[in-house]
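Counting starts at 1 for both ligands and their atoms, following the listed order.
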Amino acid sequence: MKAISVLGSTGSIGTQTLEIVDAFPDKFRVVALTAGQNLPLLVKQIIRHRPEIVALANESLLPELKDRLNSLSIDQRPKEFLKLTGGPDGLNEAASWNSADLVVTGIVGCAGLLPTLAAIRSGKDLALANKETLIAAGPVVLPELKKSGSRLLPADSEHSAIFQCLQGTPWAENARLSTGIPTPGLRRIQLTASGGAFRDWSTEDLKKATIKDAISHPNWSMGRKITVDSATLMNKGLEVIEAHYLFGIDYDHIEIIIHPQSIIHSMIELSDSSVLAQLGWPDMKLPILYCMSWPHRLNTPWPRLKLTEVQELSFHSPDTSKYPCMELAYSAGRSGGTMPAVLNAANEEAVGQFLNEKTHFLDIPKLIEIACEKHKNELQVNPSLDDILSVDKWARQIVSEQVKKLLF
Ligand code: NAD
Ligand code: MG
């Protein structure tokens with residue numbers, strides 16, 4: 001029985017993780033939950049999964065959570081030993097909860113950084129969905145992993161595909177999980193991308209893009225931020241940096257390919273020119289499950305892939321002029337140091353401003369570019385955690401000031 005902590009339990013990744021726990025009650029149990037503010041759902045999860053600790057990001061909601069739990073019937077009410085906590089310290093405590101074997105990081109954005117570090121420092125293995133953490137703080141996270149021996153198992157579908165393809169290669173034999181060391185025998189990574197909400201729109205039509213348009217993903221059902229990232233293709237850009245840190249491969253050997261059917265979840269090319277791919281229906285439960293069961297495979301009743309039903313798998317190169325975010329991400333990744341943290345924070349702020357109707361969809365890459373340009377002369381090559389947190393704050397400010405100036 002593996003003990004699981006779920007950070008961001010009320011989100012898309014969190015709820016799918018709990019569905020897996022439900023489907024395999026003899027394999028997994030939940031020991032810790034953290035959430036933002038969806039108290040009705042969190043209470044249902046507490047009743048169902050009986051965790052040992054629950055932490056709320058928004059500490060001021062703790063009294064309301066306690067009231068809701070106290071008003072439950074006796075049989076539903078959690079046992080006295082349930083610890084309720086909140087705020088940054090509470091999230092860290094839940095993330096490093098002693099009885100956990102694996103921490104699923106489903107918090108969105110750089111807000112997941114400190115809890116992720118707390119989990120790593122306490123030696124937990126991680127199922128990494130919260131990619132922003134690794135992108136912003138790769139230079140801090142990788143040495144911490146080495147020190148504690150924690151393993152970073154990728155829950156992002158593309159990186160899970162790569163991870164699955166790498167089983168059986170020298171990479172897996174040396175258990176090179178997120179050491180940042182180049183992978184022997186790995187020549188190239190091909191990250192597949194669905195193309196996002198606007199893949200069939202012309203550049204001209206993008207001027208009319210609304211929030212509703214941007215949050216309607218053709219293939220995947222996900223949280224709002226990552227769905228907008230998919231529409232700008234920044235999600236793929238972020239995943240390039242994520243792949244660089246996870247698999248120790250340089251940026252010249254990570255390629256993006258548009259694959260509208262989202263059946264091939266990514267591919268690797270090995271030194272003998274063999275290309276391996278992992279296929280499946282677009283369903284995040286499979287990569288999450290693989291993190292939870294690794295190195296084993298569990299038997300699932302999930303719909304099996306029928307290629308005769310899919311009929312066609314197509315591929316084309318991404319349009320970098322329609323989607324400038326990919327190039328911004330490659331460039332930030334190549335600069336390294338604090339630059340990916342600036343890119344990530346500027347993107348989070350720009351997407352937030354877009355979702356709050358303060359700026360237009362097409363402004364997102366422009367805002368990110370401004371922040372990255374301004375940071376060029378301040379870049380720190382070997383940043384500390386404080387450096388990362390400080391540039392994260394700075395980049396958000398730059399973007400929000402730019403939006404206020406209404407430069408566009
Ligand atoms: P979501 O918005 O559905 O859920 C986010 C969760 O984080 C919620 O539980 C929310 O309460 C919590 N949260 C939000 N702000 C917080 C804060 N400041 N502090 C602490 N907790 C906070 O997001 P999601 O789609 O589940 O994505 C979560 C992460 O997984 C993201 O990093 C995303 O890039 C990654 N990811 C998601 C998918 C997917 O299919 N949803 C796929 C690949 C990767
Ligand atoms: Mg992905």
For [atom], the protein heavy atom that lies nearest, with its residue and separation:
{"atom": "atom 19 (N) of ligand 1", "result": "Ala57 CB, 3.5 Å"}
{"atom": "atom 26 (O) of ligand 1", "result": "Ile13 N, 2.9 Å"}
{"atom": "atom 11 (O) of ligand 1", "result": "Gly36 N, 2.8 Å"}
{"atom": "atom 42 (C) of ligand 1", "result": "Met284 CE, 3.5 Å"}
{"atom": "atom 22 (C) of ligand 1", "result": "Ile107 CG2, 3.8 Å"}
{"atom": "atom 15 (N) of ligand 1", "result": "Val108 CG1, 4.2 Å"}

Closest Asp156 atom to the Mg ion (ligand 2) [N, O or S only] | OD1
Cationic N near anionic O, under 4.0 Å, [X] to [Y]:
{"X": "Glu64", "Y": "Arg68", "result": "yes"}
{"X": "Glu52", "Y": "Arg29", "result": "yes"}
{"X": "Asp213", "Y": "Lys208", "result": "no"}
{"X": "Lys366", "Y": "Glu369", "result": "no"}
{"X": "Lys404", "Y": "Glu401", "result": "no"}
{"X": "Arg334", "Y": "Asp250", "result": "no"}

Out of Ser160, Gly106, Gly223, whose heavy atom is nearest to atom 5 (C) of ligand 1?
-> Gly106
Option nearest atom 31 (C) of ligand 1 (shortest heavy-atom distance, choices Gln16, Glu132, Arg224, Lys285) = Glu132
Please check if the side chain of Ser150 supplies one atom and the backbone of Ile120 the other of a donor-acceptor pair under 3.5 Å.
-> yes
Is a side-chain donor or acceptor of Gln76 paired with a backbone partner of Leu72 at a separation under 3.5 angstrom?
-> no
Could you tell me whether [X] and ligand 1 have an N or O pair separated by under 3.5 Å?
{"X": "Ser12", "value": "yes"}
{"X": "Gly14", "value": "no"}
{"X": "Ala35", "value": "no"}
{"X": "Thr10", "value": "yes"}

Report yes if the side chains of Cys110 and Asn344 come closer than 4.5 Å at any heavy-atom pair, otherwise no.
-> yes
Heavy-atom distance under 4.5 Å between the side chains of Glu269 and Arg187, does that happen here?
-> yes
With a cut-off of 4.0 Å, which atoms of ligand 1 are near a heavy atom of [X]?
{"X": "Ala111", "value": "17 (C), 18 (N), 19 (N)"}
{"X": "Asn130", "value": "32 (O)"}
{"X": "Lys131", "value": "32 (O), 34 (O), 44 (C)"}
{"X": "Gly11", "value": "1 (P), 3 (O), 4 (O), 8 (C), 9 (O), 26 (O)"}
{"X": "Asp156", "value": "43 (C), 44 (C)"}

Give the contacting part of [X] toward ligand 1: side chain, backbone, both or neither, where contact means a heavy-atom distance below 4.0 Å.
{"X": "Ile226", "value": "side chain"}
{"X": "Ala129", "value": "both"}
{"X": "Met222", "value": "both"}

Could you please compute the angle at the Mg ion (ligand 2) from OE2 of Glu239 to OE1 of Glu158, rounded to 10°?
-> 100°
Does atom NZ of Lys2 have more than 12 heavy-atom neighbours, drawn from other residues, nucleotides or ligands, at distances under 6.0 Å?
-> yes
Asp205, CG: over 12 other non-hydrogen atoms inside 6.0 angstrom | yes
State which residue, out of Leu18, Thr105, Val31, fulfils the side-chain contact (heavy atoms from CB on, under 4.5 Å) condition with Val6.
-> Leu18
